[in-house]
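Okay, so here's the structure we're looking at.
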Protein chains: 2
Amino acid sequence: MKFIDKLNAAARNNNSLLCVGLDPDPSQMPPGASLLDFNKQIIEATKDTVCAYKINLAFFEAMGDEGYKTLNLTRQHIPADIPAIADAKRGDIGNTSKAYAKAVFDNLGFDAVTVHPYMGFDSLAPFLDYSNRGVFILCRTSNPGSADFQNLLCLGSEGQMPLYRFVACKAQEWNWHGNIGLVVGATYPEELKEIRKAHPDMPLLIPGIGPQGGDLGLAVMASINHRGEGAIINSSRQIIHASFDADFASKAREAAVNIKDEINRHRCLV
Amino acid sequence: MKFIDKLNAAARNNNSLLCVGLDPDPSQMPPGASLLDFNKQIIEATKDTVCAYKINLAFFEAMGDEGYKTLNLTRQHIPADIPAIADAKRGDIGNTSKAYAKAVFDNLGFDAVTVHPYMGFDSLAPFLDYSNRGVFILCRTSNPGSADFQNLLCLGSEGQMPLYRFVACKAQEWNWHGNIGLVVGATYPEELKEIRKAHPDMPLLIPGIGPQGGDLGLAVMASINHRGEGAIINSSRQIIHASFDADFASKAREAAVNIKDEINRHRCLV
């Protein structure tokens, strides 16, 4: 099954464009809960409210050997019909990217991955070759420093455009398997709108609401496609760390339902 | 001790600008050798011929839990006076990059890391904050696809330059700890020369000789600084897979000595 079909099926099933980011802070575990326990309970409590889960590999790598095991077991706990996105931000020369693709797709069994565009086509090809998995290319990221290079005006055969628009155009050009998406931050709703207009069919993975300052409503209205789909709105800390006590799972569910509902309200406003 | 001082000390001690890339292919192990064994023997056989080792994390990640352990043990086997570079090509928003920096610097104890510039300053800051560790920013990479974005002509306050030159200028601007280096491929000697001229003091990590097609002599002459130093010439497969038999370690040593000597011959020609 193609990634995009799995994504749309989950989104329709749960009537949700919400992606829960599993970026747990080990120093903020509720009393008595191991990190794996915590993740499992968060997944159990939210699995009917999401279109996808996004796991940030960094937080597990920061824990060494044990972290890698926990990552693997956490991923396995995500229900088979919900896409699991590896937020890995990889990208290297061909034979190295092939090893990274093997790690996230074959070993860890993720449905999609995030990648850096800077090294160009052959650094992405080994990921794209997995035609049923999704590949989200960083385009206009949610952080303040994203302006340093992504907004540079570039001259190409298509005229003058900011770098992130070039990246989006190349992504479109390379999308023969139909498995490419773009990462565009909720913190830049105007750019989101522009990207959606230029690339009407590409799924957009959207971090940056909540603590990073992106406006949820604006982000939703700017990013959904003509069917009111195609946007994956990520929220991490607001959901998974909604409470630091024993009630963390029920509070996470409450937060997830609220964000999902707010997303859906804005889907109807376009 | 600053990374650059450790690097220069090792380079002088061993009279070498050679970096051995530990990118082992598990399917090409000599009969009876485990991956860890293999790495240990390669290190033992080459440790007086190098200025640094570079370990590519992808190949270990591709092996799952066991790979992570082998990575850790391999890194620990590198002598304390030889810099160990994590070729990780990471880069994410601030709190995530902080977790990656913790993983490579605190947990795995690497002396330096390679990073993607695309997300801008705040994605690099958590690495740069380790002021005694080196941070190699991807600039003009050795692969064919590097032209896709890195060569785009960009308009900035400094005038019109290819993107990779902008990246180098920003790297210089952000270098208050003196711990930044650049990754520039041996496959582009003209660009190497340009970068060296514009950034006379920055260490350059140079992949791309051998199978990737970069000319060793041209790369050395284009990249050394006015003291004949500052270049880290990486070679992986040519050395570690010089033989697929039981004599792999002695053959690796032979190959390393040859490349080191050829580098030194060209250092004298400038």
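Small disclaimer: the values here were computed from a predicted structure and weren't measured. Residue numbers begin at 1 in each chain, while the letters A, B, ... track the order of the sequences.
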- request: Could you tell me which non-hydrogen atom of L138(A) sits nearest to which non-hydrogen atom of Y118(B), and how far apart they are?
  value: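 Heavy atoms only, the tightest pair is O-CE2, 3.5 Å.
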task: Might you point out which heavy atoms bring A99(B) and A62(A) nearest each other, and give the distance in Å?
output: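 Reported closest heavy-atom pair: O-CB, 3.5 Å.
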message: Can you tell me which of L124(A), D106(A), N95(A) forms the most heavy-atom pairs within a distance under 4.5 Å of chain B?
response: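 Most pairs with chain B among the choices: N95(A).
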- prompt: What residue among K102(B), K98(B), R90(B) forms salt bridge (charged side-chain N to carboxylate O under 4.0 Å, His left out) with E61(A)?
  reply: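 Exactly one candidate clears the test, R90(B).
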How many angstroms lie between atom [atom1] of [X] and atom [atom2] of [Y], to the nearest 0.5 angstrom?
X	Y	atom1	atom2	answer
Y100(A)	L57(B)	OH	CG	5.5 Å
T141(B)	I93(A)	OG1	CD1	9.0 Å
Y164(B)	F149(A)	OH	CZ	14.5 Å

Which answer fits [X], side chain, backbone, both or neither, if we ask what part of it has an atom under 4.5 Å from a heavy atom of chain A?
X	result
K69(B)	both
D65(B)	both
Q212(B)	side chain
S142(B)	side chain

Picking from [options], which has the most non-hydrogen pairs under 4.5 angstrom with chain A?
options	result
L155(B), L108(B), L71(B)	L155(B)
G156(B), G94(B), P117(B)	P117(B)
S146(B), A125(B), G120(B)	G120(B)

In terms of heavy-atom proximity below 4.5 Å to chain B, should [X] be classed as side chain, backbone, both, or neither?
X	result
F60(A)	neither
V167(A)	both
E66(A)	neither

query: Is there a donor-acceptor contact under 3.5 Å from the side chain of D122(B) to the main chain of G145(A)?
result: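 Flag set: sc D122(B) to bb G145(A) pair under 3.5 Å.
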query: Between the main-chain N or O of M119(A) and the side-chain N or O of N143(B), is there a donor-acceptor pair closer than 3.5 Å?
result: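 Yes; at least one donor-acceptor contact below 3.5 Å.
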- prompt: Should the pair H116(A) and H116(B) be assigned to parallel (<30°), tilted (30 to 60°) or perpendicular (>60°) ring geometry?
  reply: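 The arrangement is parallel - the two ring planes meet at less than 30°.
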field: Flag side-chain contact, heavy atom, 4.5 Å: D92(B) against N56(A)
entry: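 They are in contact (side-chain heavy atoms under 4.5 Å apart), so the answer is yes.
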task: Report yes if the side chains of L152(B) and L163(A) come closer than 4.5 Å at any heavy-atom pair, otherwise no.
output: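 Of all side-chain heavy-atom pairs linking L163(A) with L152(B), at least one is under 4.5 Å.
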